[in-house]
Every structure is written in structure tokens, then in C-alpha cells.
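Have a look at the structure below before the remarks.
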Amino acid sequence: PAPAKVRGASQLGQAPRRDNPELTSVTLRSRLYIGICEYDRGIRQNNPTNFASAIAAFQDVIREQPNNLDARLRLAMALRRDNRSDEDISILEDMRKALGHSGESADKAILAEVHLQLADISLKDPKHRNPMSVHFHLQQFVDLIRDPSHPALAPARKHL
């Protein structure tokens with residue numbers, strides 16, 4: 001449901017203001033959700049059109065919130081599905097460098113996923129195949145989840 005201020009403005013016939021933080025937050029969450037749905041639909045139906053829609057939705061979120069890590073990671077994954085692995089790798093490498101210095105546990109969970117994605121690319125993408133890179137990224141992934149209280153441990157067990 002829309003926040004009360006947004007509903008109130010629309011009931012009075014006023015257009016909600018774009019600089020309203022509540023409206024911006026709702027809009028960004030909606031765009032992120034739309035992107036996730038399009039990405040999932042693209043995987044199920046193997047339809048490139050869905051990946052293009054997902055990419056557009058994630059880019060919208062990133063334009064408004066450049067540091068939205070979830071949108072950046074999902075954008076990279078959608079780009080890869082859209083056969084744009086060079087852009088995918090660039091985003092993942094930028095995230096890896098930026099998150100490498102963070103001590104936040106949520107950032108470490110995303111960093112673990114970034115390493116897993118980079119290892120997968122190095123393993124499966126013929127253009128970027130590199131066994132040494134696979135080993136490096138998997139080792140980084142394991143090091144990040146070695147702590148039993150780490151938030152990436154449960155999802156990581158699904159991959160192992």
C-alpha cells in the first residue's frame with residue numbers, strides 16, 4: 001500500500017511530488033521487484049525480452065540509488081543472461097573492489113555472492129574462461145563464509 005501522504009495527495013487531486021522520499025522509496029522497491037519478476041520470468045521462459053525489461057528496471061533503481069547493492073548485483077546477473085558478459089564482469093569487479101574494504105556483514109554476504117558469480121563466469125563463459133580465476137574466487141567465497149555466524153552461510157550451503 002502507498003504511504004498515507006501519497007494516498008492523501010492523490011485523493012485531493014494533487015500529483016505526488018517526485019522529491020517525496022516516501023514515494024521515491026515505494027517506486028524504487030516497485031522497480032526492483034519488477035526487475036526481479038522479469039528476470040525470473042526470463043529464466044523460466046528463456047526469453048531475452050524479459051532480461052531486457054529486468055535490465056531497464058534495475059538501471060532505473062541504480063540511477064536513483066547508485067549504491068543499491070542488490071540492484072547492482074541483479075543487474076550484473078541480468079546482463080549475463082542477456083549475453084553482455086563484459087558489462088556483467090565490469091559491474092561485479094567494481095562491486096568486489098568497493099565491498100572488499102567493508103566490514104559490514106550484509107556487504108560480506110553480497111561480496112560472497114559476487115565472488116560466486118565471478119567464479120561461475122570464469123568457469124562457464126568461453127570468452128572469459130580462466131581456471132585460476134575460478135580457484136581465486138571460490139577461495140574468497142569460502143573465506144567469507146567460514147565464520148559460522150556469517151549471513152551468507154545458509155545460502156552458500158545450497159551452492160556447495
Listed once per pair and sorted, the ring pair (Phe, Tyr, Trp, His ring centres under 6.0 Å) pairs that draw on residues 55-87, sequence neighbours left out:
none
Strictly by ring pair (Phe, Tyr, Trp, His ring centres under 6.0 Å), give each pair with a member in residues 68-91 just once, sequence neighbours left out.
none
Does any part of the side chain of Asp88, heavy atoms only, come nearer than 4.5 Å to the side chain of Met77, both counted from C-beta?
no
Sub-4.5 Å side-chain heavy-atom contact between Glu64 and Thr27
no
Quick one: list whatever passes side-chain contact (heavy atoms from CB on, under 4.5 Å) with [X], sequence neighbours left out.
X      : value
Arg84  : Ile55, Leu79, Asp82, Glu87
Arg81  : Tyr39, Ile43, Phe51
Ser85  : Asp125, His128
Leu138 : Leu116, Ala119, Val134

Suppose we screen for salt bridge (Lys or Arg N to Asp or Glu O under 4.0 Å). Which residues come up paired with Lys97, at least two apart in sequence or across chains?
none
Could you tell me which residues satisfy salt bridge (Lys or Arg N to Asp or Glu O under 4.0 Å) with Arg72, sequence neighbours excluded, listed by chain and number?
none
In short, salt bridge (Lys or Arg N to Asp or Glu O under 4.0 Å) pairs touching residues 49-62 with sequence neighbours left out are Arg31-Asp60, Asp60-Arg63
Rounded to the nearest 0.5 Å, how far does CG of Leu75 lie from CD1 of Ile91?
4.0 Å
Would you please name every residue forming a side-chain hydrogen bond (donor to acceptor under 3.5 Å, both in side chains) with [X], sequence neighbours left out?
X      : answer
Gln139 : Asp143
Asp94  : none
Asp120 : Arg80, Lys124

Whether His137 and His115 hold their rings parallel, tilted or perpendicular, with breakpoints at 30° and 60°
tilted
